[in-house]
2 protein chains.
Amino acid sequence: MVQPATNVALSHSAHDHDACIADALSRADALCRQQGLRLTAIRRRVLELIWANHQPTKAYDLLAQINAERGNAAPPTVYRALDFLLEAGLIHKIESQNAFIGCAVDHERNQPKFFICRTCGRAAEIQSSQIDDVIASEAEEAGFVVDHQTIEVDGLCAACAASTKS
Amino acid sequence: MVQPATNVALSHSAHDHDACIADALSRADALCRQQGLRLTAIRRRVLELIWANHQPTKAYDLLAQINAERGNAAPPTVYRALDFLLEAGLIHKIESQNAFIGCAVDHERNQPKFFICRTCGRAAEIQSSQIDDVIASEAEEAGFVVDHQTIEVDGLCAACAASTKS
DNA sequence: CGCGATGGCGTTATCATATAACATTAAGGA
DNA sequence: TCCTTAATGTTATATGATAACGCCATCGCG
């Protein structure tokens with residue numbers, strides 16, 4: 001399930017992809033410096049690959065990409081990096097796909113949530129706190145203490161819906 | 001990861017567990033009859049085991065339970081039954097656990113959503129349409145066409161929160 | 001500066017989750 | 001009855017994740 005290399009080129013809204021990756025990395029550098037975390041070479045490279053793929057990316061695809069450049073990584077290498085990045089809040093796991101994606105959002109008052117397009121495969125992280133509010137009030141009512149949320153909405157993104165419609 | 005046999009006994013709110021299973025099965029029978037679906041012996045047994053376990057249940061645990069009684073099932077046997085039951089809407093998959101749980105709810109106007117207790121392991125399916133409404137309006141705004149939702153809220157259920165508090 | 005503790009990584013093995021592919025059997029309609 | 005189709009059996013394998021152990025780099029401390 002390696003993503004075709006052309007996916008980046010298929011980007012719906014043209015954006016400066018290199019800059020977007022660089023930006024994510026510099027945010028990661030800053031966050032780790034600030035928190036006393038060590039963004040080692042492998043961790044940084046895994047994060048970079050995730051951003052470069054621009055889609056939810058599977059652990060074994062990352063492993064293959066790492067091995068293409070260094071040739072000697074085993075699954076724990078990648079999973080440990082992923083665990084670190086998850087812990088640091090730099091990436092999220094898309095549970096419905098067993099895949100990982102860079103975090104694009106500030107989560108001080110929001111839990112991660114995604115709109116995932118079944119056609120182009122992109123996962124857009126959305127920031128609405130409305131959803132969190134409603135869940136919080138439902139939970140309150142049930143006496144349930146919320147710890148973590150998994151919210152993944154599958155469907156068709158605007159661009160893909162438009163090009164399907166014709 | 002086989003669940004201990006005592007879990008059923010640990011049920012928070014005492015309820016007639018046998019009746020609850022029987023009820024689920026008769027609803028399944030009715031639905032399949034009505035829709036022209038075949039609830040075969042294996043499919044029915046898998047559904048029954050899922051209800052009997054009373055918690056999100058893993059495919060390989062079901063396989064072990066099946067094999068304990070018939071001794072000759074391989075993974076596809078269970079996965080095919082699960083696929084059928086998912087398709088029919090008789091069970092849901094808890095993505096964050098790779099586990100399956102009986103559907104307790106009418107989904108005409110709701111997508112499945114769960115409160116999952118990290119202490120007792122129970123997953124309560126909740127029926128609020130508020131959450132769906134908010135997601136629908138967020139999606140609308142983004143031009144995203146919703147197909148399916150995965151909503152899993154982890155935390156502490158009321159009973160476990162109470163007994164932890166002390 | 002050197003030393004020791006800790007955390008990160010390499011390596012091997014294995015467990016856990018899920019599906020492909022093809023053979024066989026059972027159910028239901030013509 | 002026979003034929004078609006759907007369901008199941010069976011074998012093999014793909015895919016996702018972790019356990020366990022040893023080595024080595026980094027960093028705080030004397």
Side-chain angles (χ1 to χ4, degrees), chain A residues 1-3 28 32-33 35-47 49-50 53 55-67 69-88 90-101 121 150 152, chain B residues 1-3 28-29 32-33 35-47 49-50 53 55-67 69-88 90-101 150 152:
Chain A
M1 257 254 254
V2 175
Q3 307 298 352
C32 289
R33 205 169 330 109
Q35 311 243 24
L37 302 173
R38 293 172 54 194
L39 191 62
T40 61
I42 295 178
R43 292 167 176 178
R44 198 165 194 283
R45 184 65 183 136
V46 167
L47 180 61
L49 287 170
I50 288 174
N53 286 335
Q55 295 210 347
T57 302
K58 307 240 166 196
Y60 275 71
D61 288 350
L62 291 167
L63 182 58
Q65 295 183 265
I66 298 273
N67 275 333
E69 44 190 50
R70 334 184 336 180
N72 64 331
T77 298
V78 166
Y79 280 102
R80 287 194 284 231
L82 291 170
D83 286 345
F84 170 87
L85 296 169
L86 286 168
E87 187 78 18
L90 292 168
I91 61 171
H92 300 300
K93 180 171 185 182
I94 306 290
E95 297 287 353
S96 58
Q97 299 185 0
N98 298 318
F100 303 84
I101 190 166
T150 301
E152 298 168 9
Chain B
M1 260 252 252
V2 174
Q3 307 297 352
D29 284 328
C32 288
R33 205 171 328 108
Q35 311 242 32
L37 301 173
R38 293 174 53 196
L39 192 61
T40 62
I42 294 178
R43 291 168 177 176
R44 199 166 193 283
R45 184 64 183 137
V46 168
L47 180 61
L49 288 170
I50 288 174
N53 286 335
Q55 295 209 348
T57 303
K58 306 238 167 201
Y60 275 71
D61 288 349
L62 291 167
L63 181 57
Q65 295 183 265
I66 298 272
N67 275 332
E69 42 190 52
R70 334 185 333 179
N72 65 332
T77 298
V78 165
Y79 280 102
R80 286 193 285 232
L82 291 171
D83 285 345
F84 170 86
L85 295 168
L86 285 168
E87 187 78 18
L90 292 167
I91 62 173
H92 299 299
K93 180 171 187 183
I94 306 289
E95 297 286 354
S96 58
Q97 299 185 357
N98 296 318
F100 302 86
I101 190 166
T150 301
E152 298 168 10

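As the structure is a prediction and not an experimental result, all values here were calculated from the model. Proteins get letters first, then strands, A, B, ... in listed order; numbering begins at 1 in each.
For A:Lys58 (side chain) and A:Gln97 (main-chain N/O), a donor-acceptor pair under 3.5 Å exists by modelled atom type. Looking at B:Glu152, its side chain does come within 3.5 Å of a backbone N or O of B:Ser96 through a donor-acceptor pair. B:Arg43 places a side-chain N or O within 3.5 Å of a backbone atom of B:Arg38 that can act as its donor or acceptor partner.
When the side-chain nitrogen and oxygen atoms of B:Asn98 are compared with OP1 and OP2 of C:dA16, none of them lie within a distance under 4.0 Å. Between D:dA7 and B:Thr40, no contact under 4.0 Å exists linking OP1 or OP2 to a side-chain N or O. Here B:Arg43 reaches the OP1 or OP2 of D:dA7: one of its side-chain N or O atoms lies under 4.0 Å away. Between A:Lys58 and D:dA14, a side-chain N or O to OP1/OP2 separation shorter than 4.0 Å is absent. Between C:dA18 and B:Lys93, a contact under 4.0 Å exists linking OP1 or OP2 to a side-chain N or O. Contact annotation: A:Thr77 reaches the phosphate of C:dG10 (side-chain N/O to OP1 or OP2, under 4.0 Å).
In this entry the distance linking CG of B:Leu39 with P of D:dA6 reads 18 Å, nearest Å. Summarising the geometry, the separation between CG on A:Leu62 and C1' on D:dT15 is reported as 14 Å, rounded to the nearest angstrom. Between A:Leu63 atom CG and C:dT11 atom P the separation is 13 Å, expressed in whole Å. Residue A:Arg45 contributes atom CZ, which lies 15 Å from atom P of C:dC9 at whole-angstrom precision. If you measure from atom CZ of A:Phe100 to atom P of D:dG16, you get 10 Å, rounded to the nearest angstrom. As rounded to whole Å, 18 Å separates atom P of C:dG7 from atom CD1 of A:Ile42. Atom C1' of nucleotide D:dG9 and atom CG of B:Asn67 are separated by 12 Å, given to the nearest angstrom. Nucleotide D:dT26 holds its P atom 17 Å from the CG atom of A:Leu37, rounded to whole Å.
With DNA chain C read from its 5' end, the first of the two nearest nucleotides for A:Tyr60 and A:Asn72 is the one closest to A:Asn72. For the pair B:Arg38 and B:Pro75, both in contact range of DNA chain D, the more 5′-proximal nearest nucleotide belongs to B:Arg38.
Of the residues in residues 78-86 of chain B, those with a non-hydrogen atom less than 4.0 angstrom from any atom of DNA chain C are B:Tyr79, B:Arg80.
Side-chain contact between B:Phe100 and B:Leu86: present, with at least one pair of heavy atoms (C-beta onward) separated by less than 4.5 Å.
When each of B:Leu82, B:Leu62, B:Ile94, B:Val46 is checked for a side-chain contact (heavy atoms from CB on, under 4.5 Å) with B:Thr57, only B:Leu62 meets the rule.
When all heavy atoms of B:Ala59 and B:Val78 are compared, the closest pair comes out as O-CG1, 3.6 Å. The shortest non-hydrogen separation linking B:Ala73 to B:Leu63 is O-CD1, 3.6 Å.
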